[in-house]
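From a predicted model like this one, the values you see are computed outputs, not experimental measurements.
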Amino acid sequence: MMNTIRQRHHGHVIRTSQPLTARQRDQLVACFRAEAELSQTMLGGRRRMPGIPLENVGRVVVKSYYRGGMIARFNRRHYIRGRTTRSEKEFDWLIRVRRLGIRAPEPIAAAHRGGLFCRCWLVIREVPAAASLAQVSIARPESLDALLAHCRRQIRRLIANRILHPDLHPGNVLVDPGGNTWIIDFDRARAYGRGHSRLAARYRRRWQAAVRKHGLPTELAAILPADASGGAG
């Protein structure tokens, strides 16, 4: 776990790299309580509130964690709390991958409320005016070559550092107006103990399966060559 600060506020535990003011904590808790129900977008099933202004920080996005599958019929929002919550795990991974030079959103805070069964939230700095790579591939197919080159470098760096993002697909890559690609949703990331070529193959299979399933442009499938070595590139 990274060296961070924990603050309690109205029943919530908020973990940050830097202390938050009471006003900032009030703003975040108000968002946690809002329970905004957002429609799902293509390959973007995680629920996120729209960007909000956080005093002295700028615009941030609050991510809530929801269960999927059969268990969601009985329990959509609560998780059994371990040593770290799901939001804290993602908070730590974002710090780690950013230190490795991988472009990912800046984590601002991880928060939870409850005891053994808790709800949790992640606060990240907003990537302004961003769209998913899946959306851009349809709206602006002429930009795909450059975007894939950007994205490929990010994935090669993950491979070089043996980091598995098990749900990496074109919906979990954001594209900003400058043509930079950002990898998001690291909550299930983990260290990968096997070889670089096996890790590259996992990334390739997951990515290509998403391209086929959602009928995305076939050019998107060429994210990694079959002989990818995992160099940071």
Side-chain angles (χ1 to χ4, degrees), residues 36-51 58-61 63 66 68 90 93-94 97-98 100-106 122 124-161 163-189 192 196-233:
E37 293 290 336
L38 302 181
S39 62
Q40 296 185 3
T41 58
M42 180 188 302
L43 283 173
R46 303 292 192 272
R47 295 180 184 271
R48 299 182 190 85
M49 294 182 181
R59 293 189 69 81
V60 299
V61 173
K63 172 181 175 179
Y66 289 78
E90 185 164 7
W93 273 111
L94 286 172
V97 299
R98 284 170 57 87
L100 293 172
I102 296 160
R103 189 178 288 110
E106 179 187 356
L122 177 73
I124 58 176
R125 191 179 297 276
E126 183 181 55
V127 180
S132 75
L133 181 58
Q135 294 167 324
V136 174
S137 71
I138 295 172
R140 302 197 306 273
E142 71 282 356
S143 65
L144 271 184
D145 284 348
L147 293 175
L148 284 174
H150 277 261
C151 189
R152 194 174 291 121
R153 286 194 289 272
Q154 303 295 313
I155 297 175
R156 285 183 182 275
R157 192 157 291 178
L158 288 172
I159 295 168
N161 289 279
I163 298 171
L164 174 61
H165 182 319
D167 200 27
L168 183 55
H169 53 60
N172 277 338
V173 175
L174 299 182
V175 180
D176 68 24
N180 298 303
T181 57
W182 301 72
I183 298 178
I184 62 171
D185 281 351
F186 278 87
D187 59 297
R188 298 188 187 277
Y192 189 78
H196 294 106
S197 61
R198 287 179 178 268
L199 181 54
R202 286 197 59 160
Y203 276 123
R204 188 165 52 250
R205 286 195 301 270
R206 177 66 183 94
W207 185 278
Q208 292 175 347
V211 171
R212 290 192 301 269
K213 178 179 178 181
H214 294 275
L216 298 175
T218 55
E219 293 84 355
L220 263 183
I223 188 62
L224 290 172
D227 61 348
S229 63

Check: What is the minimum heavy-atom distance between S143 and V136, and which atoms define it?
Finding: OG-CG1, 3.7 Å
Item checked: Closest heavy-atom pair and its distance - L94, A104 -> CD2-CB, 3.8 Å
Notebook entry, point to check: Excluding sequence neighbours, so at least two apart, what forms side chain to side chain donor-acceptor pair (under 3.5 Å) with R125?
Noted result: E106
Margin query: Taking the side chain as everything from C-beta on, heavy atoms only, tell me whether D185 gets closer than 4.5 Å to K63.
Written below: yes
Note to self: Are L224 and I159 packed together at the side-chain level, in the sense that at least one heavy-atom pair is separated by less than 4.5 angstrom?
What the structure shows: yes
Item checked: Partner residues of W207 under the side chain to side chain donor-acceptor pair (under 3.5 Å) criterion, sequence neighbours left out -> none
Next item on the list: Can you see which heavy atom on L158 is nearest to which on L199, and at what distance?
Entry: O-CD2, 4.3 Å
Notebook entry, point to check: Closest approach of P170 and A210, non-hydrogen atoms and distance?
Noted result: CD-CB, 4.2 Å
Notebook entry, point to check: Rounded to the nearest 0.5 Å, how far does CD1 of I184 lie from CD of E90?
Noted result: 8.5 Å
Item checked: salt bridge (Lys or Arg N to Asp or Glu O under 4.0 Å) against E219, all qualifying residues, sequence neighbours excluded -> none
Notebook entry, point to check: Do you know which two heavy atoms are closest between P177 and P128, and how far apart they sit?
Noted result: CD-O, 3.4 Å
Margin query: For A209, give me all partners under side chain to side chain contact (heavy atoms under 4.5 Å, CB included), at least two apart in sequence or on another chain.
Written below: R212
Check: Distance from L133 atom CG to L220 atom CG, nearest 0.5 Å?
Finding: 5.0 Å
Next item on the list: Kindly say whether I163 contributes a backbone atom to a donor-acceptor pair with the side chain of N161 at under 3.5 angstrom?
Entry: no
Check: CG of N180 to CZ of R103: how many Å apart, nearest 0.5 Å?
Finding: 4.0 Å
Notebook entry, point to check: Partners of R98 by salt bridge (Lys or Arg N to Asp or Glu O under 4.0 Å), sequence neighbours excluded?
Noted result: none
Check: What residues, two or more places apart in sequence or in another chain, satisfy side chain to side chain contact (heavy atoms under 4.5 Å, CB included) together with P166?
Finding: L164, R188, R190
